[in-house]
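First the proteins, then the strands, lettered A, B, ... as listed; each starts at 1.
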Protein chains: 2
Amino acid sequence: MVQFVHPATKDITLAGVLSALADPIRLQIVRGLLQESGCLSCTAASPCPTIAKSTLSNHFRVLREAGLIQTSKKGVEHQNAVRAADIEARFPGLLMAILANSLSDAPPVAVG
Amino acid sequence: MVQFVHPATKDITLAGVLSALADPIRLQIVRGLLQESGCLSCTAASPCPTIAKSTLSNHFRVLREAGLIQTSKKGVEHQNAVRAADIEARFPGLLMAILANSLSDAPPVAVG
DNA sequence: TCAATAGTTCCATACTTCCGAACTATTGAA
DNA sequence: TTCAATAGTTCGGAAGTATGGAACTATTGA
């Protein structure tokens with residue numbers, strides 16, 4: 001059984017977080033997880049159905065290793081949740097600043 | 001003569017900014033430029049003397065194309081300045097959130 | 001036991017990044 | 001003008017990274 005390695009909060013790096021969120025797909029995954037206010041499976045959290053499973057799996061691995069999400073296995077699915085509190089503790093204001101500005105960056109979503 | 005292409009403020013993308021700053025060297029370049037409160041040449045802004053010229057040139061190109069810095073030619077040197085106001089206008093709070101947290105991430109530089 | 005589903009791992013291809021070497025542009029001196 | 005020095009850019013190859021298809025593992029449910 002695959003058990004996931006998550007970095008401790010203190011081991012989360014700024015470079016890791018930024019490079020993880022620099023990919024639009026991963027940024028949308030994080031936004032989706034937060035909007036759904038909790039856990040989603042990998043496929044449910046995918047922002048685009050045409051992405052290959054292996055690619056998606058890789059994106060989740062990057063997010064996990066960057067410390068952005070927590071993954072736990074529940075039955076056949078994986079449950080993913082954003083480690084919002086950990087990120088906030090490590091880099092105060094960072095995640096919110098990025099997510100708030102992701103609205104004005106992504107054309108499909110209307111600016112509030 | 002090489003003339004530099006800088007994106008308009010509205011064309012600056014979040015992904016571009018994040019991926020540019022996800023590299024520790026580029027992040028340190030931006031921090032250095034801001035600390036020096038103005039313009040620096042490429043070599044003067046280099047955080048590490050062992051980086052190859054070509055690599056450094058590439059980092060500056062990435063920062064320029066991401067809209068993070070403005071480069072102008074002055075004699076034999078290039079003058080680089082952070083487009084802080086443009087970034088702030090495009091993504092309010094983003095650059096400050098990243099730079100503020102870069103202090104807790106990068107041990108070598110003292111907090112100002 | 002078998003089929004279906006959710007993810008992971010492996011591999012080949014395509015794209016990036018890094019550096020040294022060669023090049024361009026400007027300055028300043030002879 | 002010519003030559004050397006300096007600051008960056010561009011080119012090309014080696015090493016690393018991303019993508020997606022195929023094969024694999026783990027769990028569920030019939």
Side-chain angles (χ1 to χ4, degrees), chain A residues 1-6 13 15-30 32-33 36 38-66 68-82, chain B residues 1-6 13 15-30 32-33 36 38-66 68-82:
Chain A
M1 137 123 85
V2 183
Q3 207 42 33
F4 301 111
V5 181
H6 299 89
T13 67
V17 170
L18 294 181
S19 83
L21 295 180
D23 184 295
I25 289 167
R26 290 194 291 260
L27 183 58
Q28 270 193 268
I29 289 172
V30 170
L33 287 176
E36 296 302 319
C39 292
L40 282 179
S41 69
C42 295
T43 47
S46 172
C48 170
T50 62
I51 300 170
K53 279 199 309 178
S54 53
T55 305
L56 200 58
S57 177
N58 183 55
H59 283 314
F60 277 91
R61 185 182 53 75
V62 171
L63 288 170
R64 207 154 45 223
E65 292 180 353
L68 278 161
I69 64 171
Q70 168 106 37
T71 306
S72 55
K73 195 155 189 175
K74 178 153 189 188
V76 77
E77 294 184 345
H78 291 183
Q79 285 199 318
N80 299 285
V82 178
Chain B
M1 139 124 82
V2 182
Q3 207 43 32
F4 300 111
V5 182
H6 298 89
T13 68
V17 170
L18 294 182
S19 84
L21 296 180
D23 184 295
I25 289 167
R26 289 192 293 259
L27 183 58
Q28 271 193 266
I29 288 172
V30 170
L33 287 175
E36 296 301 322
C39 292
L40 282 180
S41 69
C42 294
T43 48
S46 174
C48 168
T50 62
I51 300 170
K53 278 199 310 178
S54 52
T55 305
L56 200 58
S57 177
N58 184 54
H59 283 314
F60 277 91
R61 186 181 53 76
V62 170
L63 288 171
R64 207 154 45 223
E65 293 180 352
L68 278 161
I69 64 171
Q70 167 105 36
T71 306
S72 55
K73 195 155 190 174
K74 177 154 189 188
V76 78
E77 294 183 346
H78 292 183
Q79 286 199 317
N80 298 285
V82 178

Rounded interatomic separation in angstrom, taking CD1 from A:Ile51 and P from D:dG20: 7 Å
Selection from C:dC19, C:dT5, D:dT6 that lies nearest to any side-chain heavy atom of A:Val76: C:dT5
Ring-ring centroid check B:His78 B:Phe60, cutoff 6.0 Å: no
Consecutive-pair stems (at least three Watson-Crick or G-U pairs, under 3.5 Å) that include DNA chain D: C:1-30 with D:1-30
Length of the CZ-C1' vector between A:Arg64 and C:dT9, whole Å: 13 Å
Side-chain heavy-atom pair A:Leu21, A:Leu27 within 4.5 angstrom cut-off: yes
Atom pair CG (B:Asp23) and CG (B:Leu18), whose distance is rounded to the nearest 0.5 Å: 13.5 Å
Side-chain heavy-atom pair B:Ile29, B:Leu56 within 4.5 angstrom cut-off: yes
Minimum side-chain heavy-atom gap B:Lys53-B:Thr43 below 4.5 Å: no
Closest nucleotide among D:dG8, C:dC18, C:dA6 to the A:Lys53 side chain: C:dA6
Atom pair distance, as rounded to whole Å: CG in B:Asp23 and P in C:dT16: 16 Å
Closest nucleotide among D:dG8, C:dG7, D:dG20 to the A:Glu77 side chain: C:dG7
Distance test, side-chain N/O of A:Ser57 to OP1/OP2 of C:dT8, below 4.0 Å: yes
Rounded distance (Å) that lies between atom P of C:dA6 and atom CD of A:Gln79: 14 Å
Touch class at under 4.0 angstrom, heavy-atom based, for B:Arg26 against every strand present: nothing
Integer-rounded Å distance: C:dC18 C1' and B:Leu56 CG: 12 Å
Spacing between B:Lys73 atom NZ and D:dT9 atom P, to the nearest angstrom: 8 Å
Residue closer to the 5' end of DNA chain D, A:Lys74 versus A:Val62 (nearest nucleotide): A:Val62
Identified side-chain hydrogen bond (donor to acceptor under 3.5 Å, both in side chains) partner of B:Thr71 from the options B:Arg64, B:Gln79, B:Arg61: B:Arg64
Below 4.0 Å: OP1/OP2 of D:dT19 and any side-chain N or O of A:Arg61: no
Distance below 4.0 Å between B:His78 side-chain N/O and C:dT26 OP1 or OP2: no
Check: D:dG20 base within 3.5 Å donor-acceptor of A:Ser54 side chain: yes
Between D:dG8 (P) and B:Phe60 (CZ): distance, integer Å: 8 Å
Smallest separation among heavy atoms of A:Leu40 and A:Gly32, with atom names: CD1-O, 4.2 Å
Under-4.0 Å side-chain N/O to phosphate OP1/OP2 contact, A:Ser41 with C:dG7: yes
Any B:Thr43 side-chain N or O less than 4.0 Å from OP1/OP2 of D:dA7: no
Under 4.0 angstrom between B:His59 side-chain N/O and C:dT17 OP1 or OP2: no
Atom-pair distance (CG on A:Asn58; P on C:dG7), nearest Å: 15 Å
Heavy-atom pair of closest approach, residues B:Asn80 and B:Ser41: ND2-C, 3.7 Å
